[in-house]
Amino acid sequence: MRTYTSARATGGTPSNRHGRPTHHQDRSAPAPLPRQGRRQRTTHRAAGLAAAALALSLPLSACSSDGAGGASAAGSAPSPSPTPTVDRAAYRHTLTGALGPLNSALRAVDGAHEGSALNTALNTASSRADAAADTLQMTATPDDASPGNSQLISALRALGQDLKSAGGDGGRCATSPRVALGSAQSPQSVKAAGRALTALGYDTSVHLPRTQPAQHRRLTNGTLVRDGSRGGLGRLTVKNGTARDAVVTLTRGKRTAFSLYVRHGSNATVRSVNSGAYTVYFTTGEDWNGAKSSFTRECSFEKFDDPANFKTVRVTGGTQYTVLTFTLNKVFGGNASTSTVPAAEFPS
């Protein structure tokens with residue numbers, strides 16, 4: 001639970017091997033001379049001898065063949081035909097044709113202004129990156145270029161995804177697409193694959209879009225990002241023990257009374273708060289974009305469930321007014337609950 005404390009103050013201080021056939025010579029013993037009275041059996045032995053002689057002649061005939069005009073040895077496999085070499089010039093042509101449309105689309109990204117025009121250019125470039133990867137995956141590749149080609153395909157697919165993801169809706173906590181591309185890994189992967197292929201004689205030029213480094217913009221602690229009419233005696237102190245800077249906004253109805261910037265690990269106070277019931281919103285994040293009144297990274301949007309009530313009344317001997325303290329980080333024993341707010345509903 002987070003806490004807020006209130007007090008009433010009086011006063012105003014706020015990986016194939018081929019085997020060779022082995023030939024065995026049949027050494028059959030001569031058949032015994034036939035004996036009378038056993039003609040039939042002799043006839044059978046003569047037939048068997050003839051078959052043995054025939055069997056002997058076959059392997060001897062095969063052994064006589066050593067590749068000089070004779071038949072090949074029984075059981076040997078034919079030698080495989082050599083794999084034809086892929087024409088290097090043809091691969092270069094395919095490579096250029098695949099990357100040309102992508103480079104045109106990436107140049108368009110460079111020239112587009114942030115918003116819908118840049119998002120459209122990013123989506124077109126994303127489709128072209130995928131198409132280039134498809135073309136290179138289906139093309140025949142020279143042996144020396146095969147590893148680099150595979151590397152380039154993977155890098156192009158990742159680039160396509162990053163280009164698509166970089167586009168934003170332009171709303172709150174919207175990181176610039178150029179900043180998002182600057183922190184992506186795919187452009188560096190495309191460069192590495194291009195260098196590997198170019199070193200082998202395959203020109204791989206990819207015009208990567210310009211990027212921007214991530215920014216870390218902050219306001220001074222206690223800066224009033226927005227300030228309405230204040231003329232009361234109420235006093236609000238905000239303690240920010242979170243890991244990120246915050247902006248606390250108080251509203252009455254649909255109107256924003258004021259917004260206070262509080263750096264992480266710091267406290268800030270607003271004085272002269274008018275009497276009334278206020279809804280207290282707060283957003284935390286990194287890199288404050290003043291033009292959009294929002295952080296651009298690591299954003300959260302919340303509100304305190306209970307209103308902040310400020311009262312100023314006259315009492316004997318002076319004036320009594322409300323002093324409130326809100327703690328944004330969760331603390332043990334806190335007495336204030338919070339709810340997440342959709343970014344689009346957070347007050348400006």
Side-chain angles (χ1 to χ4, degrees), residues 1-9 11-14 172-176 179 213-252 255-274 276-310 321-341 343 345-348:
M1 300 283 285
R2 294 167 173 83
T3 67
Y4 72 85
T5 59
S6 63
R8 297 289 180 187
T13 304
R172 291 184 178 274
C173 201
T175 300
S176 166
V179 173
Q215 299 186 72
H216 303 276
R217 293 167 288 185
R218 304 174 73 188
L219 298 180
T220 301
N221 185 62
T223 297
L224 283 165
V225 177
R226 183 169 179 175
D227 191 14
S229 175
R230 289 182 295 114
L233 297 177
R235 186 167 68 203
L236 172 68
T237 296
V238 179
K239 296 182 177 182
N240 182 8
T242 72
R244 298 180 177 88
D245 289 0
V247 170
V248 178
T249 298
L250 271 65
T251 65
R252 294 182 68 182
R255 299 183 60 182
T256 297
F258 59 86
S259 297
L260 176 68
Y261 194 98
V262 189
R263 288 194 172 193
H264 72 87
S266 300
N267 303 334
T269 299
V270 177
R271 302 178 185 276
S272 305
V273 180
N274 293 330
Y278 296 82
T279 302
V280 181
Y281 295 85
F282 65 99
T283 177
T284 62
E286 295 180 6
D287 182 41
W288 179 256
N289 184 339
K292 294 183 178 181
S293 296
S294 177
F295 293 104
T296 67
R297 299 188 303 276
E298 306 295 334
C299 303
S300 70
F301 301 93
E302 299 179 67
K303 73 173 181 177
F304 283 91
D305 295 328
D306 296 326
N309 295 302
F310 289 88
Y321 55 89
T322 305
V323 176
L324 296 180
T325 298
F326 281 83
T327 302
L328 303 185
N329 51 297
K330 295 180 180 180
V331 295
F332 182 76
N335 61 355
S337 61
T338 62
S339 300
T340 299
V341 176
E345 295 180 12
F346 195 87
S348 299

>> Under a 3.5 Å distance rule, please check whether Thr322 uses its side chain to pair with a backbone N or O of Gly234 as donor and acceptor.
In response: no
> Between the main-chain N or O of Thr296 and the side-chain N or O of Thr175, is there a donor-acceptor pair closer than 3.5 Å?
Replying inline: yes
Residues in side chain to side chain contact (heavy atoms under 4.5 Å, CB included) contact with [X], at least two apart in sequence or another chain:
X	result
Ala214	Val179, Arg297
Arg230	Leu224, Asp227, Phe258, Val270, Ser272
Arg263	Arg218, Asn221, Asp245, Tyr261, Ser266

> Per the side-chain hydrogen bond (donor to acceptor under 3.5 Å, both in side chains) rule, which among Thr325, Asn267, Thr269 passes with Thr237?
Replying inline: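 When side-chain hydrogen bond (donor to acceptor under 3.5 Å, both in side chains) is applied between Thr237 and each of Thr325, Asn267, Thr269, only Thr269 qualifies.
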Looking at every non-hydrogen atom in both residues, tell me the closest pair between [X] and [Y] and how far apart they are.
X	Y	value
Val248	Val238	CG2-CG1, 3.7 Å
Ser259	Val247	CB-CG1, 4.0 Å
Ser294	Cys173	OG-N, 3.0 Å
Thr338	Glu302	OG1-OE1, 3.1 Å
Ala268	Leu260	CB-CD2, 3.9 Å
Ala343	Phe301	CB-CE1, 3.6 Å

> If you round to the nearest 0.5 Å, how far is CG of Asp306 from NZ of Lys303?
Replying inline: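 CG of Asp306 is found 10.5 Å from NZ of Lys303.
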> Taking atom OG1 of Thr242 and atom NE2 of His264, what is their separation to the nearest 0.5 Å?
Replying inline: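 Here the rounded value is 8.0 Å.
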In a table with atom names and distances, give each donor-acceptor pair under 3.5 Å that connects a side chain of residues 277-286 to protein atoms at least two apart or in another chain.
residue, atom, partner, partner atom, Å
Tyr278, OH, Asn274, O, 2.9
Thr283, OG1, Ser300, O, 2.8
Thr284, OG1, Ser300, OG, 2.6

> Can a donor-acceptor pair be found between the side chains of Asp305 and Ser337 at a distance below 3.5 Å?
Replying inline: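 Per modelled atom types, Asp305 and Ser337 side chains form a pair under 3.5 Å.
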> Which residues satisfy the salt bridge (charged side-chain N to carboxylate O under 4.0 Å, His left out) test with Arg217, sequence neighbours excluded?
Replying inline: Asp287
> How would you list, by chain and number, every residue that makes a side-chain hydrogen bond (donor to acceptor under 3.5 Å, both in side chains) with Thr256, sequence neighbours excluded?
Replying inline: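 Listed in chain order: nothing, the list is empty.
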> Hey, does Trp288 have a side-chain heavy atom less than 4.5 Å from the side chain of Ser293?
Replying inline: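 Yes; the side chains approach each other to less than 4.5 Å.
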